[in-house]
Amino acid sequence: MPSLNVSFSDEELEGVRAAAAAEGKSLKQYLHDLGVREMHRKQFVAGAVAWADRLRDEFDEAFPEEIPVSRHDGAAAA
């Protein structure tokens with residue numbers, strides 16, 4: 001199984017060890033879970049953005065007063 005060596009300053013390592021301990025995890029498990037959690041977060045955000053994009057026109061029709069000024073009159077979304 002692939003592995004990774006990660007360098008931390010003494011202060012950074014102290015903080016990461018404390019965070020791992022607070023979750024009741026080993027340093028190795030904490031860092032593994034952190035990377036996986038970030039990957040899942042990015043997938044969730046991408047899905048939420050896609051969902052919002054699909055529903056934007058329907059929402060704008062139902063609630064025209066909620067359309068941001070930046071999108072009025074054909075202006076590009078910010």
Side-chain angles (χ1 to χ4, degrees):
M1 182 180 299
S3 63
L4 178 67
N5 289 324
V6 180
S7 299
F8 294 99
S9 70
D10 290 340
E11 295 81 19
E12 290 169 337
L13 186 56
E14 182 180 324
V16 173
R17 283 187 196 276
E23 290 193 20
K25 295 180 180 179
S26 69
L27 187 57
K28 184 176 180 178
Q29 187 64 53
Y30 178 78
L31 290 173
H32 169 271
D33 292 353
L34 189 63
V36 171
R37 198 167 43 232
E38 177 63 9
M39 180 181 65
H40 289 158
R41 185 193 69 79
K42 286 182 178 184
Q43 289 172 342
F44 174 83
V45 169
V49 168
W51 178 77
D53 287 344
R54 282 193 312 270
L55 296 176
R56 180 167 287 117
D57 290 339
E58 182 180 340
F59 184 89
D60 288 350
E61 279 183 35
F63 305 100
E65 68 281 359
E66 297 294 329
I67 300 173
V69 174
S70 62
R71 288 199 355 253
H72 279 280
D73 300 325

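The basis for the numbers below is simple: all heavy atoms, side chains too, and nothing from hydrogens, waters or symmetry mates.
- Partners of F59 by side-chain contact (heavy atoms from CB on, under 4.5 Å), not counting sequence neighbours, listed by chain and number: F63, E66.
- Distance check, rounded to the nearest 0.5 Å: CG of L27 to CZ of F8 gives 7.0 Å.
- When all heavy atoms are compared, the tightest approach of A20 to S26 is CB-O, 4.0 Å.
- Contact of the L34 side chain with the E38 side chain is not registered, since no non-hydrogen atoms from C-beta on lie closer than 4.5 Å.
- Interatomic distance, OG of S3 versus NE2 of H32, reported as 12.5 Å (0.5 Å rounding).
- Looking at residues two or more places apart in sequence or on another chain, you find no salt bridge (charged side-chain N to carboxylate O under 4.0 Å, His left out) involving E11.
- Clustering ILVMFWY residues whenever any of their side-chain heavy atoms sit less than 4.5 angstrom apart, transitively, puts Y30 in the very cluster that holds V6.
- Every residue two or more places apart in sequence or in another chain was checked for a salt bridge (charged side-chain N to carboxylate O under 4.0 Å, His left out) with R37, and none qualifies.
- Among residues at least two apart or in separate chains, side chain to side chain donor-acceptor pair (under 3.5 Å) pairs with a member in residues 43-55 are D53-R56.
- Residues passing the side-chain contact (heavy atoms from CB on, under 4.5 Å) test with E58, sequence neighbours excluded: L55.
- Annotation: salt bridge (charged side-chain N to carboxylate O under 4.0 Å, His left out) contacts of E14 (sequence neighbours excluded): none.
- A continuous path of ILVMFWY side-chain contacts below 4.5 Å connects L13 to L4, so both sit in one hydrophobic cluster.
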